[in-house]
Each structure stands twice: as C-alpha cells, then as structure tokens.
Enquirer: 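Sharing a structure with you now.
Counting starts at 1 for both ligands and their atoms, in listed order.
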Amino acid sequence: MLKAMTETLDIRITKTNHSRLHETDFNNLQFGKTFSDHMFVADYDGDEWKNFQIVPYGEIGFSPAISGLHYGQAFFEGLKAYKHADGQVSVFRPDKNARRFNKSAERLCMPELPEEIFVQSIAALVDLDRDWVPAQAHHAMYIRPVMFATDPFLGVQPSKTYKFFVLVGPVGPYFAKVLRVKVETHFTRAAEGGMGYAKAAGNYGGAMLASRRAAEEGFDQMIWTDAKDHQYVEEMGAANVMFMLDGKLITPSTRDTILDGVTRDTVLTLAREWGVPVEERRVSVAEILEGAKTGKLTDAFGAGTAATIAPVGSISHNGEEYFLCDPKEREFSQKVLKTLDAIRYGNIPDTHGWNYIVGGL
Ligand SMILES: *Cc1c(COP(=O)(O)O)cnc(C)c1O
C-alpha cells in the first residue's frame, strides 16, 4: 500500500466554519449533486503551478471571456475513495488518473500537472473531508479533478493561465440496471486524429444529442462505433465496453478514439490473473451480433468508475434487438464485481498496490 506524502506539497487550508455534513442525507444521494465542505484549488500563471489551497466549497468568479468557456480548453478526471471497515480511507489507483490527466492536458495544449501534485491534492482534500466518505456498503466518495483555461482573451490560441480544481462528494450505490443499448450508426463520439482518448469536456457535450435521441428511442445507452464505417465497436456511453465471446474476454484496443479506462485496465489485469483468455483488438459489430444470435456471447458490460460494471441486457442494431442471458448467470462479470469491491473496501489483500491510503488514523 502506498502512503500519502502530503507534507511535501505546501497547501494553505482555510476550513469552513459551517460544516454541512450533518445536514446531508447519506441514504438519499444523487450522483454529482452533493459536495463535501471543501475543495482544492490551484493556479497556473503561464510558468508554474502555485497557490495550492483548500478552501470551503463554493462559487468562484471569473471573466466571461475566459477561453475555457469559448474554445473548450477544459478537461476532467473521475475517481473514487472508499472507506474500509477499520476506518481507513483509500483512493483507487490515482496514479493512473494522474497520468491520464496529463495525456488530456497535452492533447488540449494545456500545461502538465506534476503527478505528485495531482495525487497529493486529492489525498489532502479527501483526508480533510474524510468524514464525508460514506461507510455504507457500495457507497463511495466521487472525486472530480478538472482543469480549464482562464485567459480573458478571445483570440483562438492556447491560454497562458489555468485553474485546477478538485471537488469531492459522497455517492450512493449505482444500481446495476440491465441496459438496453443500441449500436450507434449515425452519430460519432471520436474520430482518428481527434481527442477521444482525452477526457476533454467537449467530448461529452458532443455526445449529448446522441444520448438524447437514444433515450427517446427507449435505449439506456449506445455503443459507439468507428467514425468511418460504423462497423467496429469502440465504447459504450462514457465507459469502455467488454464482451465474453466464445470463452474469451474481448475489448477494443486503446487508440486515438478510445479512452484508456482505469476500470478497463483493472478488469483485464484480473482476467489475465484468473487465466481467462483476453483479446484487445478491433471488435466488429458483426461478430458481436453473430455471437448474440448463436449464444456464444455470454457476457457484455460497460466498465467505468461510476458503475464499475454495467450489464448489457440487449443490443439493437438497425431496428433488430438481440437479447443476452440474465446478468445473474454471468460468471465473469459477477466475479469481477465482487473481487473489485473486496479490494477497494479493503476486505481482501490489495496485492496490486491499487489502494492509495489517505492520511493517518
Ligand atoms: C471516464 C471514461 C471511461 C472510463 O474510465 P475509468 O477510468 O474506468 O473511469 C471510459 N470511456 C470514456 C469515454 C470515459 O469518459
């Protein structure tokens, strides 16, 4: 297990004089609506990161001309902290998110944030607001780091100044609804040479119309396909997608158009350890539909931090719907979900060093 080294980052802490903790109903949490008492803030002045602060959660002011708003120099991350039975709090694989944060920054011509600053800012904030990490089963603290451009200048060019923020808040269990998904053959999430691999804010705005249309047609989610011919599977909504086909765990290989998910990597690592054959490659829509028809497709799910494992109940393509077996009968995804929970809540040994323990007790 790794240990936080918060002492190396000089953070000025201003505590709130009115905690909202006891006004918060932890049994009624809606994702993304409840924030803890504090947030982390830092500034980039064109040269270096500075002004590391933890302040009471609240509104911030900025110029209406900031380029983050006008030209989309903005991106984020998403990860979670968990409370163990012994009261310890751990963040799951923050080093992976730190690395991905900088990949997004590079793609958007934004400054790199040293990995230690990323991890330590999160550790310090989660530690200060550790009472906000829910103790109930299947609950967690969601962590949202974000960076955006703050030059008040309408020229289309990279900003010189930026803000980095971390917001945290408790989240309840994600009820693993069995998803009715469609293969998207009109809209495109990402193209070769684009920024699909970055957690760029614009990628999500660009996907909303497709989501709305899919919802209007009665679908919970769409499977994104390649921008060129819509013949290859890429992702599912804002999660990676995996299939158990003919006894093999199959998932699209990471490329320009695919977000390199931490959950994806974690599931693949466990699968390999269990001796499950894993294939990271191009996955055609045709082979998935064929597998659904013949019964060789025995598992299909989205993999991401929010839901962990989101089971697919049926896949529709050009008006034809293909049904999969009951998620309760799916050996692989059930085992992954159980194992991941056990690791993150500290119920089995963390042999991979995935849990970053925050603060002391
Ligand atoms: C965040 C995200 C994922 C999942 O990544 P995790 O690190 O597992 O949370 C997958 N695809 C997209 C498009 C995403 O935004």
Enquirer: Are there any N/O pairs under 3.5 Å between ligand 1 and the protein, and if so, what are their distances?
Expert:
| residue | atom | partner | partner atom | Å |
| --- | --- | --- | --- | --- |
| ligand 1 | 7 (O) | R100 | NH1 | 2.8 |
| ligand 1 | 7 (O) | R100 | NH2 | 3.1 |
| ligand 1 | 7 (O) | V262 | N | 2.8 |
| ligand 1 | 8 (O) | V262 | N | 3.3 |
| ligand 1 | 8 (O) | T263 | N | 2.9 |
| ligand 1 | 8 (O) | T263 | OG1 | 2.6 |
| ligand 1 | 9 (O) | T305 | N | 3.0 |
| ligand 1 | 9 (O) | T305 | OG1 | 2.6 |
| ligand 1 | 11 (N) | E235 | OE1 | 2.5 |
| ligand 1 | 15 (O) | K199 | NZ | 2.7 |
| ligand 1 | 15 (O) | Y204 | OH | 2.4 |

Enquirer: Do the side chains of E280 and R272 get close enough for a salt bridge, i.e. N-O under 4.0 angstrom?
Expert: yes
Enquirer: Give me the other members of the hydrophobic cluster that M236 sits in, counting Ile, Leu, Val, Met, Phe, Trp and Tyr linked by side-chain heavy atoms under 4.5 Å, directly or via other members.
Expert: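 M236 clusters with L179, V181, V183, I223, V233, V241, F243, L245, I250, V283, V285, I288, L289, L297, V312, I315, Y322, L324.
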Enquirer: Hey, what's the ring geometry for F75 with F101, parallel, tilted or perpendicular (30° and 60° as the breaks)?
Expert: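 Taking F101 first and then F75, their aromatic rings sit tilted (interplane angle of 30° to 60°).
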Enquirer: Can you list every pair that meets salt bridge (charged side-chain N to carboxylate O under 4.0 Å, His left out) and has a residue in residues 298-309, with sequence neighbours left out?
Expert: D299-R330
Enquirer: Go through the side-chain N and O atoms of Q157 and D151 and say whether any donor and acceptor fall under 3.5 Å apart.
Expert: no
Enquirer: Can you tell me which residue pairs pass the salt bridge (charged side-chain N to carboxylate O under 4.0 Å, His left out) test with a partner in residues 317-326, sequence neighbours excluded?
Expert: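 Only R180-E321, D326-K328 qualify under salt bridge (charged side-chain N to carboxylate O under 4.0 Å, His left out).
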